[in-house]
2 protein chains.
Amino acid sequence: MQNPPAAAGMAFAEIDTPALVIDLDAFERNLGKMADMTAAAGVRLRPHAKTHKSAMIARLQMEHGAVGVCCQKVSEAEALVKDGVPDVLISNEIAGRAKIERLAALAKQARIAVCVDDADNVDEIAAAAEKFDVTIPVLVEIDVGGNRCGVVPGEPALRLAAKIARSNLLRFGGLQAYHGSAQHLRTYDERRDAIARTVDLTKQTVDLLKREGLDCETVGGAGTGTFEFEAGSRVFNEIQAGSYIFMDADYARNRKADGLSNDQFEHALFVLTTVMSHPSDARAVVDAGHKSASVDSGPPEPFRRPGIVYRRPSDEHGVLLSEGGALPRRGEKILLVPGHCDPTVNLYDWYVCVRGMQGSSPVVEALWPVTARGAAQ
Amino acid sequence: MQNPPAAAGMAFAEIDTPALVIDLDAFERNLGKMADMTAAAGVRLRPHAKTHKSAMIARLQMEHGAVGVCCQKVSEAEALVKDGVPDVLISNEIAGRAKIERLAALAKQARIAVCVDDADNVDEIAAAAEKFDVTIPVLVEIDVGGNRCGVVPGEPALRLAAKIARSNLLRFGGLQAYHGSAQHLRTYDERRDAIARTVDLTKQTVDLLKREGLDCETVGGAGTGTFEFEAGSRVFNEIQAGSYIFMDADYARNRKADGLSNDQFEHALFVLTTVMSHPSDARAVVDAGHKSASVDSGPPEPFRRPGIVYRRPSDEHGVLLSEGGALPRRGEKILLVPGHCDPTVNLYDWYVCVRGMQGSSPVVEALWPVTARGAAQ
């Protein structure tokens, strides 16, 4: 684990770089806004912790009404539970006896649910539940358009749900119905139409199960790009959005119904970087490259620096080019909005939490560990 | 820091996933081959440790004749020096007083050199050297085609070298002349021609400095894609290749003079992943996504599994599609060759070192920490 690049009480200007910075004011507004919106829609909020991997942030989300969090991996859940998070849905399939037994062991310490899309996997989880003397809620994942994991909605989901319900060691927990690729469809109409189909497929499955006596305690899914559609569907009752807490450059490229850039939530996460070379008028080179900001959803973007773009990242460098704006000087620090927050967060051991960041004298208020950094198993 | 996904003595089949695996036999052949090739060319080898971030591997490279290693960041050098690496060139510019003072402090514990491309930066390093009572060798970085950091070759390099040489606190260490983008030019002729120009620019600068009484102790650069050209140039005397030790999928796309795929070094680094969902005949889903394998140089590639491709990575998933080959079953583990080794390594806390990997009973021989994981500052 690296030393933190700052200390509480330090002036913003003294933070070492590259650093992962939270604008606490914007973060807290995002935290409250999603809590309010889901409460107003009458649905539960179970934010995805794969975005932040932080026990501190998970606890704050629960203090604001979230019923728990989602994780993708057993080791991620273990790290959060160890640091006090009491309720985790692993919104993913878990393969392999050793890992499933870790899941069952964790269920002795916290409320742990998991997803399946395979009948043999149900047997494996039941065996682990027996060995560790726990009852594990199991959700059936259905493929509602994401074309990744999940059984076909309808009869295949029914067969799997019935198998879970027959087990004395498991509890049928409902449906996992997440449409990942819909989150990043750029226009409002595209996202609305994709989720309309997701809701249809999910409703048909919920109704089929109900006719067979299987109630879905949880019908969960949705992300930051589409959650309003699922929340208003009267089919989904649990929203799993994660990125809203930080808002990355990719989500900001989504368009609202009016065609404007999505500004529902504020950018609250940044990579702070220093210009370490300015070898010509044409370019400045910063100290944040692939190992400090992921580029799988496009490069990071300079924050409130119009006319400057970040290009040609290499492992430890990024090149700032002018598109009309003045390039920063050597030694100057600038903020980048990550292209994609989740894999960027996973590169860092610490969040540097800054208060008053948009004011005249921002100060480091706290350092939060990225609790589950690297917990990919 | 995560728990290791295996233990020494464990059978290969028991390694938890995703895991970063070294094929020790292939690794050792790469280690020896580069040592032999640079020795035969009469040049020094200073491998780049940004690839592996491992003190163990750095020490093995030095046991095989390397004069030291390169790092890109001060914190990276600190981590390696702490674990016993005695000689590090920071092949990069360092900005900011606090960080430059850390560099000078480190120079009390090991031989530490650094690069500059700015006159003010020379003054900053001299001030830190005075404060910590050390003499720091400083190399002038010249832009030999990479179009990133570095001053223009010729007169601008001379002015900077002369300024360094005038300082009582610094020592002029020579030239840093790395052409990064040439490493990935696909054809042999493209790489040869790019480095011919790099060598010309470097030689002109070396000769100019010599006429002014400034000898270049080190003329360094080169990477895994081009090192044979620099090594045979009679201008370069220090080779900084890094990726050769692991060989990623991107380097394997380079073509040799005969037009065939570059097989000079062997793939020795892998991401081991498990099929955690197999929801349809058309696809299998593995547990390694963006957080387990970087995609900045293309997706990882299934190793020796012709007819299967890895596509559509998301944060914790990758989709295996068939292009004629049989997809692996749910629960099966497969090896992926990383698209780009450096940022992939930086995602992991541990190397799982396997002996006999191509044989019938591979076994975990050792766990090596990724010493400088996350050391980006």
Side-chain angles (χ1 to χ4, degrees), chain A residues 1-3 5 14 16-19 50 72-73 75 92-96 98-99 117-118 120-121 143 147-152 180 274-280 283 285 287-288 290-292 294-296 312-317 319 330-331 340 342-343 346-349 373-377, chain B residues 1-3 5 14 16-19 50 72-73 75 92-96 98-99 117-118 120-121 143 147-152 180 274-280 283 285 287-288 290-292 294-296 312-317 319 330-331 340 342-343 346-349 373-377:
Chain A
M1 192 166 187
Q2 295 299 309
N3 293 327
E14 292 176 63
D16 197 8
T17 69
K50 80 185 187 73
Q72 294 289 67
K73 300 294 186 94
S75 62
N92 204 2
E93 287 69 26
I94 303 301
K99 202 173 279 174
D117 65 0
D118 181 274
D120 290 343
N121 199 199
D143 180 0
N147 204 19
R148 195 173 65 184
C149 304
V151 296
V152 174
T274 300
V275 177
M276 30 74 75
S277 170
H278 201 327
S280 93
R283 66 182 184 277
V285 184
D287 64 359
H290 292 314
K291 294 179 188 169
S292 301
S294 80
V295 297
D296 55 271
R312 289 166 35 207
S314 44
D315 287 341
E316 293 87 2
H317 303 82
V319 178
R330 194 184 65 84
H340 187 182
D342 307 37
N346 189 48
L347 298 169
Y348 291 85
D349 290 313
R373 208 283 323 151
Q377 290 162 350
Chain B
M1 193 168 187
Q2 296 299 309
N3 293 326
E14 292 175 63
D16 197 8
T17 69
K50 81 185 188 73
Q72 294 290 68
K73 300 296 186 93
S75 62
N92 204 2
E93 287 70 26
I94 303 301
K99 202 173 279 173
D117 66 0
D118 181 273
D120 290 343
N121 199 198
D143 180 0
N147 204 20
R148 194 173 65 183
C149 303
V151 295
V152 173
T274 301
V275 177
M276 30 74 75
S277 170
H278 200 328
S280 92
R283 66 182 183 278
V285 184
D287 64 358
H290 293 313
K291 295 178 188 169
S292 301
S294 80
V295 297
D296 55 271
R312 291 170 29 210
S314 44
D315 288 341
E316 292 87 2
H317 303 82
V319 179
R330 194 185 65 84
H340 187 182
D342 307 37
N346 190 49
L347 298 168
Y348 291 84
D349 290 313
R373 208 285 321 152
Q377 290 164 348

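First the proteins, then the strands, lettered A, B, ... as listed; each starts at 1.
The two residues A/D16 and B/K99 make their nearest non-hydrogen contact at OD1-CE, 2.9 Å. Annotation for B/Q377 and A/N3: closest pair OE1-O, 4.4 Å, computed over non-hydrogen atoms. The two atoms that bring B/D315 and A/H340 nearest to each other are OD1-CE1, 3.0 Å, heavy atoms only. Taking both residues in full, the closest heavy atoms of B/A376 and A/S292 are given as CB-OG, 3.7 Å, listed atom of the first, atom of the second, then distance.
Counting heavy-atom pairs closer than 4.5 Å to chain A, the top-ranked of the candidates B/L347, B/V151, B/V319, B/T274 is B/L347.
With contacts defined as side-chain heavy-atom distances shorter than 4.5 Å, the pair B/M276/A/C149 qualifies. Side-chain contact between B/D349 and A/R373: present, with at least one pair of heavy atoms (C-beta onward) separated by less than 4.5 Å.
Here A/H317 contributes atom NE2 and B/N92 contributes atom CG; the two are 3.5 Å apart, rounded to the nearest 0.5 Å.
The side chain to side chain contact (heavy atoms under 4.5 Å, CB included) check on B/P313 picks up B/H290, B/V295, B/Y310, with sequence neighbours excluded. For A/K73, there are no salt bridge (charged side-chain N to carboxylate O under 4.0 Å, His left out) partners at least two apart in sequence or on another chain.
Residues A/R330 and B/D117 are not paired through a salt bridge, judged by the lack of any N-O separation under 4.0 Å between the basic side chain and the carboxylate. We find that B/D296 and A/K291 are not joined by a salt bridge, their nearest charged nitrogen and carboxylate oxygen being 4.0 Å or further apart.
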